[in-house]
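If you read the sequence from its start, that first residue is 1, and numbering goes on from there. Source: prediction; values computed, not measured.
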Amino acid sequence: MFKAVLMSLLLAAVAGGETVHLSDGTTVQGNIYRDGAGWKLVMPNGNTRELAADDVVSIDMTSSNGGDDLGDQLSSLRHSLSYSDSPSQAVGRLQNFIQHNAGTPAAKEAEKDLAIWKDRDARALQKVGDDWLTPDQAEKLRAEAILLADQARQLIRKGDIAGAQKLLDQIVAVDPRSVAGVYLHGVLAFGNNAFLQAEKDFLAVSQMVPQHGPTLNNLAMLSFHSGHFAQSAQRYVQALRSDTMNQKIIDNVAEMLHALPEDLLTLPEVRMLQQEFARQESAFEQIMAKQNLSRWGAKWITSDQLKQIQEAQKIIQDKLTQLRDEQTKEKESINNLDEQISTNQQQEQQIASTSYVTANGRVVYTGLPQSYYDLQRDDLDLKTRRDSALRRLDQIAVEIRTTKTQVPIQPFTGVQLIFGEEGTPVTAPKQAAMDSATTEPAALAAP
């Protein structure tokens, strides 16, 4: 309901509009609002565009619709600034509005807003949730958020997902830049199959902690899940480089490359991933060898397991050889039967063509000889044998597929794993974590 109301407000405010200067040198028109760590731009046609924090260089008020009421423009500006967490930027936008509309009642009203934002700027107030706090107050609240995030991690470990969700919703509402809170919020969203929300949360974390391997891994996995294979490969490269020699990431990449459609293996992003994977895999194999482990698909197995697999593979290979030999014989048999049937049919046609003679200028049917009927009976027998051979070919194909799966340990699972609460980028201080283990989660309240 809140989102629907917010969107109606955004669309109603488009008439005022702003000129947004982007980091790529372009400008766009519309109304821009804070949206978590980034921006939401509502364009004149009602479409919205998501922008990262560093995409926006500056924002200017515009009077492209000169006949618009200044009061509406001021309302639009106020609504936009209500999402801002930058007092200095708000001061600049208000000053720009006042300068362009000097002497008007709207400009005088804007001066009141300007005084409030200047005070926030002078006192270095920080926006946490809907509140403006001093640096000390903000730091204290963030410390509490970190503590609550650690409590949420423990609840997840215990399986109390509902309790963890309640805490995390509080944390994200009060401090949208709580790295631990947003990350764990994404973990629970993924567990609830809310993949779009999970990706939004992990993207926010990646902006706050750019080189965090588990977050990049989770984003890569979500990209693969949604069919964006090139993006998935690119994110996996970033994850490997951000958190080198991480077994979970390396194994996920092995699963991803195995599951990737063959025609996509030539993509530049995939080739880059293959190169990075090969480099780390080679070094990681040496580490795992010291633990008596070797690579098997996307898994690591002991020498005893490898021996068991090799013995099973020999049995499987012998069985496959037998089945393929039988498959070849059945195909040859079908070919021979087809040739015999074709020969019989030619003979039947030839006999049938000689069963008519011309007498006294008339065509007379003389009847078919016994040999014609013998050939037809032979045809029925040949076709029956052919059908039986075809059924056996189908059975052999099934047996071949089944035999291939009889390895004691399957090399691939077809599943890429998410980093859960264990991948949280920010944890509570040691003492706070110890305290949280003996206290019940408390509601988060601004001081």
Going through the distances and angles, do K314 and D318 end up as a salt bridge (Lys or Arg N to Asp or Glu O under 4.0 Å)?
-> CA-CA 6 Å; K314 185 179 184 306; D318 290 344; 3.4 Å; yes
Could you give me the CA-CA distance, side-chain angles and deciding distance for K329 and E326, then say whether salt bridge (Lys or Arg N to Asp or Glu O under 4.0 Å) is met?
-> CA-CA 5 Å; K329 291 178 181 178; E326 187 177 351; over 6 Å; no
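In this structure, OG in S206 is found 5.5 Å from CG in L219, a value given to the nearest 0.5 Å. The line from CG of L184 to CD1 of I156 is 4.5 Å long, rounded to the nearest 0.5 Å. Annotation: the span from L188 atom CG to E421 atom CD amounts to 10.0 Å, rounded to 0.5 Å. Within the model, atoms CZ of R153 and OG1 of T424 stand 4.5 Å from one another, a figure rounded to the nearest 0.5 Å. Remark: M288 CE to T302 OG1 distance equals 11.0 Å, nearest 0.5 Å. A distance of 12.0 Å separates CD1 of I396 from CG of L320, quoted to the nearest 0.5 Å.
The side chain to side chain donor-acceptor pair (under 3.5 Å) analysis of residues 396-411, with sequence neighbours excluded, yields the pairs R392-E399. Residue pairs that meet the side chain to side chain donor-acceptor pair (under 3.5 Å) test with at least one member in residues 281-290, sequence neighbours left out, are E281-R295.
Using modelled atom types and a 3.5 Å distance limit, the side chains of R93 and S80 yield a donor-acceptor pair. In this structure, a donor-acceptor pair under 3.5 Å is absent between the side chains of Q238 and Q234. In this model, a donor atom of one side chain and an acceptor atom of the other lie less than 3.5 Å apart for H185 and D169. Remark: the D201 side chain and the Q197 side chain contain an N/O donor-acceptor pair separated by less than 3.5 Å.
A 6.0 Å sphere centred on NZ of K166 holds no more than 12 heavy atoms belonging to other residues, nucleotides or ligands. The 12-atom threshold is exceeded at CE of M245, counting heavy atoms of other residues, nucleotides or ligands nearer than 6.0 Å.
A search for ring pair (Phe, Tyr, Trp, His ring centres under 6.0 Å) contacts involving W296 returns nothing, not counting sequence neighbours. With sequence neighbours left out, F195 forms a ring pair (Phe, Tyr, Trp, His ring centres under 6.0 Å) with F190, H225. Take F224 and apply the ring pair (Phe, Tyr, Trp, His ring centres under 6.0 Å) test, not counting sequence neighbours, and it matches F229. Remark: F202 pairs with Y183 by the ring pair (Phe, Tyr, Trp, His ring centres under 6.0 Å) rule, at least two apart or across chains.
By the 4.0 Å N-to-carboxylate-O rule, E111 lies too far from K108 to be salt-bridged with it.
Remark: side-chain polar atoms of N292 are not paired, donor with acceptor, to backbone N or O of D304 under 3.5 angstrom.
At a threshold of 4.5 Å between non-hydrogen side-chain atoms, the residues N246 and F419 count as touching. Looking only at side-chain heavy atoms (C-beta outward), L216 and I249 stay at 4.5 Å or farther from each other.
Annotation for R271 and T266: closest pair NE-O, 3.6 Å, computed over non-hydrogen atoms. The heavy-atom pair separating P214 from D243 by the smallest distance is CD-OD2, 4.0 Å. L74 and A106 get closest at one heavy-atom pair: CD2-O, 3.5 Å. In plain terms, the two heavy atoms of A110 and L94 that are nearest each other are O-CD2, 4.2 Å.
A side chain to side chain contact (heavy atoms under 4.5 Å, CB included) with S84 is found for one member of P87, S86, S88 and no other, namely S86.
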